[in-house]
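Atom set for the values below is all heavy atoms of this structure, side chains included, hydrogens, waters and symmetry mates excluded.
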Amino acid sequence: MQENIKTPGKAPGRKADWRRFLNHQWVVENIPFFLFLAVLAVLYIYNGHYEDKITRKIGATEKHIKELEYEYKTIKSEVIFRSKASELAKAVEPLGLRELTTAPVLLDSIAAAKR
């Protein structure tokens with residue numbers, strides 16, 4: 001009472017032969033699909049190379065930005081240092097300028113005193 005169970009797609013008693021699918025006619029009919037797969041593979045490879053190139057550019061830009069940031073901080077500290085009163089006095093000393101030792105005179109008070 002054993003029933004013969006048939007599997008779909010297989011003839012009873014025969015093994016599935018994969019070579020029957022790879023004949024000349026099947027390959028010719030599927031050329032557009034193979035071309036599509038080839039285009040997808042080329043685009044995938046191109047995308048990987050493009051991503052590598054962009055990553056390298058981003059890294060170079062980040063490095064350049066850090067260098068500019070360090071340069072900015074150095075110049076800023078030099079400007080702050082040179083704008084101190086003592087450093088400013090040293091810088092203008094060769095020109096014959098010096099700090100005032102007396103209080104400045106207001107011109108309005110002189111004009112009012114003469115009246």
*Asks:* Clusters formed by hydrophobic residues whose side-chain heavy atoms approach within less than 4.5 Å: which one holds V28, and what are its other members?
*Replies:* none

*Asks:* Could you work out, with side chain to side chain contact (heavy atoms under 4.5 Å, CB included) as the rule, every residue matching K63, not counting sequence neighbours?
*Replies:* E67

*Asks:* Could you work out the complete set of other residues in the hydrophobic cluster of I31, with links drawn between I, L, V, M, F, W and Y side chains under 4.5 Å apart?
*Replies:* L35

*Asks:* Just distance, no hydrogens or angles: give the donor-acceptor pairs under 3.5 Å from side chains in residues 70-84, sequence neighbours left out.
*Replies:*
| unit_1 | atom_1 | unit_2 | atom_2 | d |
| --- | --- | --- | --- | --- |
| K73 | NZ | E69 | OE2 | 3.4 |
| T74 | OG1 | Y70 | O | 2.9 |
| S77 | OG | K73 | O | 3.4 |
| S77 | OG | T74 | O | 2.8 |
| S83 | OG | V79 | O | 3.1 |
| S83 | OG | I80 | O | 3.0 |

*Asks:* How does the hydrophobic cluster around I45 look, that is, which other residues are in it when side-chain heavy atoms under 4.5 Å mark a link?
*Replies:* none

*Asks:* How would you list all residue pairs meeting side chain to side chain donor-acceptor pair (under 3.5 Å) that involve residues 32-49, not counting sequence neighbours?
*Replies:* none

*Asks:* Applying salt bridge (Lys or Arg N to Asp or Glu O under 4.0 Å), can you list everything that pairs with K66, at least two apart in sequence or on another chain?
*Replies:* none

*Asks:* Mind listing the side-chain donor-acceptor pairs of residues 52-59 below 3.5 Å, one per line with the distance, residues two or more places apart or on another chain?
*Replies:*
| unit_1 | atom_1 | unit_2 | atom_2 | d |
| --- | --- | --- | --- | --- |
| T55 | OG1 | E51 | O | 2.7 |
| T55 | OG1 | E51 | OE2 | 3.0 |

*Asks:* May I have the list of side-chain donor-acceptor pairs in residues 87-106 shorter than 3.5 Å, sequence neighbours left out?
*Replies:*
none

*Asks:* Just grab all the side chain to side chain donor-acceptor pair (under 3.5 Å) pairs involving residues 28-41, residues at least two apart or on different chains.
*Replies:* Q25-E29

